[in-house]
Amino acid sequence: MLKGKKIILGITGGIAAYKSAELCRRLKKSGAEVQVIMTQSGMKFITPLTMECLSEKEVITEMFPERRMVGTRHISLAQWADLVLVAPATYNLIGKISCGIADDILTTVISSTKAPVFFAPAMNVNMYENPICQQNIEKLRKLGYRFIEPGVGDLACGDVGKGRMAEPEEILNEVIKLLDEKKDLTGKSILVTASRTEEPIDAVRFLSNRSTGRMGYAVAEEAFKRGAKVTLISGPSDLNCSSGINLVKVRTADEMYKAVKKHFAKSDALVMTAAVSDFAPEKLSSGKLKKQETELSLNLKQTPDILREMGKQKGKKVLVGFAVETKDEIQNAKSKLKEKNLDLIIVNNPNLKGAGFEVDTNIATLIDRKGKAERLPLMSKKELAEKIIDRMVKLLKR
Ligand code: CTP
């Protein structure tokens with residue numbers, strides 16, 4: 001499964017280093033070529049000889065080994081690797097990479113590689129939960145570094161909690177998945193909208209809906225992972241996205257419309273997951289509206305139908321829409337697909353358990369231009385995003 005793959009296995013100083021021997025054996029057994037790099041602390045826990053026997057390669061431990069011309073060895077190693085895997089990755093190693101420190105051969109290789117870097121953290125629960133460590137992990141994640149979560153259980157120090165390095169088998173499975181990832185959107189520009197819009201009534205109130213942005217952010221992340229240049233136009237949301245994604249924050253439907261128009265021409269596809277408010281107050285009251293003796297009526301005007309407008313200038317671009325329907329789902333979605341000139345529409349009924357807003361899952365049906373409907377079972381929004389991007393890749397090839 002890993003035949004021909006070149007993996008650098010970095011081993012830092014933690015007791016979980018004993019598991020790295022088994023991990024190395026499994027990587028080799030799966031066909032990978034493994035180059036082990038050990039830090040000075042790593043060697044206190046497991047010997048280079050053990051790793052050398054298992055990897056069948058000389059273990060690298062020094063930045064400047066004596067009597068050898070190795071001035072740019074870190075660059076050749078960084079270029080050689082298809083993946084840099086650090087297991088165990090200590091608090092210190094993660095902190096150093098997050099701060100841009102390169103003071104030994106392992107950190108120098110990590111800082112100069114273009115290959116994916118994958119960390120398997122292992123440390124005491126208090127160290128792992130330390131906000132500094134969590135912020136470092138978050139920062140690195142956003143920069144595209146990958147992590148495999150440590151497990152919960154008895155730790156070497158006697159504490160119980162999160163901090164045990166993931167088991168070699170789990171790490172191996174993640175490595176296989178990571179190296180198998182498709183890059184089928186390379187060279188494509190994808191525009192995604194997400195979350196809701198807010199239409200102000202006065203200085204403190206607005207009209208909106210319950211959309212949180214989970215679906216749109218998942219679509220943007222999946223497209224980015226598969227090599228696309230992604231612009232994500234997001235209404236208000238608490239979610240974060242990878243820093244490689246061009247995030248454009250908007251609030252109202254008008255702002256979203258302007259942003260979509262601005263980026264549409266350069267895009268190959270538009271995925272409109274945003275729950276755009278269909279109506280906005282006709283006029284915005286200055287200050288805060290005071291309570292009144294009589295009832296208050298709000299005059300509402302229609303907001304632009306962004307997707308419909310983009311459908312009019314579709315050309316060869318792929319347009320994907322979403323539909324939230326509580327009855328006659330398929331029929332209504334088919335009409336929307338036609339009216340808005342879409343290639344694909346994803347319809348869901350938020351009244352079903354596990355579907356709709358504020359949950360990590362969805363139950364959706366995908367309908368194409370020919371009217372063919374594929375009903376999908378309950379799945380995570382991430383999985384649904386994968387399915388949508390799979391369809392998009394096919395549509396872009398037409
Ligand atoms: N949409 C849009 N602009 C709007 C309203 C909706 O671009 N002003 C997009 C949504 O992002 C979605 C699709 O149109 O991809 C369908 O949205 P939905 O709310 O289901 O349908 P509407 O067209 O608003 O119709 P209705 O609310 O009457 O069902």
Side-chain angles (χ1 to χ4, degrees), residues 190-200 206-220 223 230-237 248-264 267 269-282 300-314 317-352 355-358 362-369 373 381 384-385 387-389 391-392 395:
I190 311 295
L191 184 57
V192 183
T193 65
S195 192
R196 58 190 178 268
T197 63
E198 290 178 356
E199 313 302 328
F206 55 80
L207 290 179
S208 193
N209 58 67
R210 287 163 44 210
S211 176
T212 58
R214 286 180 174 96
M215 192 65 239
Y217 278 65
V219 169
V230 179
T231 296
L232 173 60
I233 298 172
S234 173
S237 172
V248 180
K249 286 261 188 185
V250 295
R251 186 175 179 215
T252 64
D254 271 334
E255 286 171 19
M256 186 170 277
Y257 184 35
K258 280 196 193 103
V260 170
K261 272 197 294 189
K262 185 175 162 200
H263 291 89
F264 188 68
S267 307
L270 165 66
V271 187
M272 223 26 233
T273 77
V276 186
S277 183
D278 287 325
F279 297 97
E282 213 164 53
L300 303 177
K301 61 172 185 198
Q302 274 206 3
T303 57
D305 189 322
I306 305 171
L307 196 50
R308 186 188 294 260
E309 292 307 316
M310 297 303 115
K312 290 179 191 162
Q313 27 182 306
K314 180 175 169 335
K317 297 181 199 299
V318 171
L319 289 200
V320 180
F322 273 70
V324 175
E325 303 291 345
T326 47
K327 64 172 197 206
D328 302 330
E329 294 166 48
I330 305 295
Q331 205 181 317
N332 287 338
K334 279 184 181 172
S335 315
K336 276 183 193 168
L337 177 135
K338 214 165 173 193
E339 282 161 22
K340 301 194 186 197
N341 195 16
L342 310 179
D343 296 288
L344 185 70
I345 193 157
I346 295 100
V347 57
N348 73 270
N349 180 345
N351 289 343
L352 297 181
F357 303 132
E358 296 161 334
N362 210 344
I363 305 167
T365 302
L366 272 50
I367 306 173
D368 67 15
R369 240 175 137 81
K381 287 185 174 164
L384 180 55
K387 301 257 179 216
I388 295 167
I389 297 294
R391 288 290 196 100
M392 180 191 284
L395 287 165

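Side-chain atoms are counted along with the backbone in the values below, which use heavy atoms only and exclude waters and symmetry mates. First listed ligand is number 1; within each ligand, the first listed atom is number 1. Keep in mind the model is a prediction, meaning the values are calculated, not measured.
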Please check if atom NZ in K314 has more than 12 non-hydrogen atoms from other residues, nucleotides or ligands closer than 6.0 Å. yes

Mind checking what residues have non-hydrogen atoms under 4.0 angstrom from ligand 1? M272, A274, V276, D278, T303, P304, D305, I306, L307, G321, F322, A323, V324, K336, K340

Counting heavy atoms not belonging to K262, are there more than 12 under 6.0 Å from its NZ? no

Can a donor-acceptor pair be found between the side chains of Y217 and T273 at a distance below 3.5 Å? no

Separation between CD1 of I367 and CD of Q331, rounded to the nearest 0.5 Å: 10.5 Å

Measure from the side-chain N and O atoms of S208 to the backbone N and O of T197, and report whether any donor-acceptor pair falls under 3.5 Å. yes

Contacts of K340 meeting salt bridge (charged side-chain N to carboxylate O under 4.0 Å, His left out) (sequence neighbours excluded), chain-then-number -> D305

